[in-house]
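A quick write-up on the structure given underneath.
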Amino acid sequence: MATKPTFSGADGAGRPLDLNGVQVHPGRIAPDEQAALVADLRAVAAAAPFFTPTTPRGKPMSVRMTSAGRCGWVSDRAGYRYDPRHPSGVDWPPIPARLLALWRDLLPASRDPDCCLVNFYTEGARMGLHQDRDEADLTQPVLSVSLGDDALFRVGGTTRGGPTRSVWLRSGDVVVLAGPGRMAYHGIDRIRFGTSALLPKGGRINLTLRIVT
Ligand code: MD6
Ligand code: FE
């Protein structure tokens, strides 16, 4: 059973929204800061180019990925894991300072993240319902930033198959998975391609900051 999607800002811009313990902060990042983040990410992608991960069964994922920080997320025939290097063998570039500042602002009690995953969605890309559980300490929060086109974000509970709620994430929205929401199932059902002018060729970028080690 899924309820009708709401808009992230439906409760009034800036007021956090709670979906099964998952916090959505609508419009947390101002437009000029979003543009600066995109410039930071161009530098990340120049050092560590986007690649198409494959599932352990060999199926290419619809999302392209890269990472920044001490480790990055990779997936191939050997399985899902964090790895200290990009598939090409180079180190991942550092996490942009602007993202560390955002993390410290929203999560002052946590130590700094050591990994930033960068997911790129073009038209038709999606991400199936999943839990974030590849990190060593599952009590540490995960923070995500949405940039570019609108995305339909679905959040369930901590078991698969239960009721879910959906919300449209827009450019500049921040999502925090912490406390009771840390192990909630979540995913992206679809992208509304061309809804944002932030990325010149359209699409959506999602950044997730985590403490992996
Ligand atoms: C996405 N987000 O927004 C997918 N994971 O493209 C995630 O998988 C996610 O938004 C952990 C914490 C926050 C998230
Ligand atoms: Fe996730």
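Note that the structure is a prediction, hence the values are computed from the model and not measured. Positions are given from 1 along the sequence. Counting starts at 1 for both ligands and their atoms, following the listed order.
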Enumerated ligand 1 atoms positioned under 4.0 Å from heavy atoms of [X]:
X	result
V142	11 (C), 12 (C)
H130	8 (O)
I188	1 (C), 3 (O), 4 (C), 6 (O)
S144	10 (O), 13 (C), 14 (C)
Y121	1 (C), 4 (C), 6 (O)
R204	1 (C), 3 (O), 6 (O)
T208	5 (N), 9 (C), 14 (C)
N206	1 (C), 2 (N), 3 (O), 4 (C), 6 (O)

Is it the case that [X] and [Y] place a side-chain donor and acceptor less than 3.5 Å from each other?
X	Y	value
T139	R182	no
H186	N20	no
R154	T164	yes
R126	Y121	no

re atom 5 (N) of ligand 1, the protein heavy-atom contact at minimum distance is H186 NE2, 2.8 Å

Aromatic ring pairing W92/F51, orientation class (parallel under 30°, perpendicular over 60°, tilted between):
tilted

Looking at ligand 1, does D132 have a heavy atom less than 4.0 Å from it?
yes

Going by an N to O cut-off under 4.0 Å, is there a salt bridge joining D83 and R70?
no

Quick check: closest heavy atoms across R111 and T213, and the distance to 0.1 Å?
NH2-O, 2.9 Å

What one should report as the nearest heavy-atom pair of V175 and L169 is CG2-CD2, 3.8 Å

Would you say M127 and L177 are hydrophobically clustered, going by side-chain heavy atoms of ILVMFWY under 4.5 Å?
yes

Please answer: with hydrophobic residues joined when any side-chain heavy atoms are less than 4.5 Å apart, are F50 and L99 in the same cluster?
yes

Does R190 have more than 12 heavy atoms from other residues, nucleotides or ligands lying within 6.0 Å of its CZ?
no

What protein atoms of element N, O or S are positioned under 2.8 Å from the Fe ion (ligand 2)?
H130 NE2, D132 OD1, H186 NE2

